[in-house]
Amino acid sequence: MAPTIATPITDSADIANFVISKGNGVKGLSEMGLECLPQRFIQPLEERISFSNIMPQESIPIIDMSNWNDPKVAESICDAAETWGFFQIINHGVSIEALENVKDATHLFFGLPAEDKKKFLKENSPSRNVRFGTSFSPKAEKALEWKDYLSLFYVSEDEASASWPSVCKDQVLEYMKSSEVVIKRLLEVLMKRLNVNEIDEMKESLLMGSKRINLNYYPICPNPELTVGVGRHSDVSTLTILLQDEIGGLYVRGKNDSWIHVPPISGSLVINVGDALQIMSNGRYKSIEHRVLANGSQNRISVPIFVNPKPYEIIGPFPEMLTGGEKAAYRQVLYSDYVKHFFGKAHDGKNTVEFAKI
Ligand code: OGA
Ligand code: NI
């Protein structure tokens, strides 16, 4: 029998093993200096971005929150959430230091050797609230996404201190804490337009009963035009607060199937409506499809905070939305079932919300 020659890492199974099981991530692949993208990451044509669909003259709203008591600010927030589902905020009160520190901490975490990051793979992690991985849902995906992430589900400060990676936990906790006020303000303003005038304990648990924070790393890609950083999706959150670095690459769905770039603005936060808020507002606020392109020359990071209902909450249109005889467009669903449905499939645009449609 002819001796088997050790193949270089081009075989699909080897790639998955190196990237996913060994903890190297796509960052490890990228740093090997690959000349061309492995097959496993090649997206079908229809999922690749076509530059003719990008609208460079369009922009999502930018809202200055320095006078957040001004009714005009509240009006712009609600208008943006209704018509765009996406906007950027500046002068939001979250300290620039906290933002810079969490970006630095993200680089620190991904800069760890694979053996250290491997400890946080799903099968090794000391806590089910801490998960390091690649792509979105590799088991369900035909083509993998060009992204590594660390996902942290917040339970309590003590639990986080005990189980989150020590290179980034303090900075992440500080960022979460320092963004609490603006999150609450945004939700209060958005609720007022729905005639929900008070966020009592019950509403608080529905709107913001749990939080997940992701540290995303999008390494340099040898063939960025053939793959995606993150495929088309809407978030399953109530609201997402996203911090991005200065590289760019996030695109939001515009009119007539177009895509609009979300330009990095130093010190800003990107806010978007998630499916849970679309459902609770009975469609008044809309979650919008978005995606991230891979980049051929620069590494990019982003840090979204997903503000979510508590997993065991049952979400559906708020009674306040139905008082005037408006029909419910969504059924009541257990939030954890909704999330499970999302993670059980590859990213597929706005399809997740069909799960809750009547
Ligand atoms: C996400 C997402 C965008 C980005 O993590 O859900 O859409 O810019 N991220 O990383
Ligand atoms: Ni998203």
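Residue indices begin at 1 and follow the sequence shown. Whatever order the structure lists ligands and atoms in, that order sets their numbers, starting from 1.
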Which label fits Trp146 and Phe41: parallel for a plane angle under 30°, tilted from 30 to 60°, or perpendicular past 60°?
perpendicular

Ring geometry between Phe132 and Phe109 (parallel below 30°, tilted from 30 to 60°, perpendicular above 60°):
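Ring orientation, 0 to 90° scale: perpendicular.
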
Might you list the protein residues in contact with ligand 1, defined as having a heavy atom under 4.0 Å from one of its atoms, sorted by chain and number?
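Those residues closer than 4.0 Å to ligand 1 by some heavy atom are Asn216, Tyr218, His233, Asp235, Leu242, Leu250, His290, Val292, Arg300, Ser302, Pro304, Phe306.
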
Tell me the closest heavy-atom pair linking Ile314 and Leu206, and the distance in Å.
O-CD2, 3.6 Å

Identify every side-chain donor-acceptor pair in residues 188-199 under 3.5 Å, counting partners at least two apart or on other chains, and give the distances.
from: Arg193; atom 1: NH1; to: Asp79; atom 2: OD1; distance (Å): 2.8
from: Arg193; atom 1: NH1; to: Glu82; atom 2: OE2; distance (Å): 3.3
from: Arg193; atom 1: NH2; to: Asp79; atom 2: OD1; distance (Å): 2.9

Determine, using ring centers only, whether Phe120 and Tyr149 are less than 6.0 Å apart.
no

In Asp235, which N, O or S atom comes closest to the Ni ion (ligand 2)?
OD1

Find the distance between NZ (Lys345) and CZ (Phe355) and round it off to the nearest 0.5 Å.
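It is 10.0 Å, given to the nearest 0.5 Å.
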
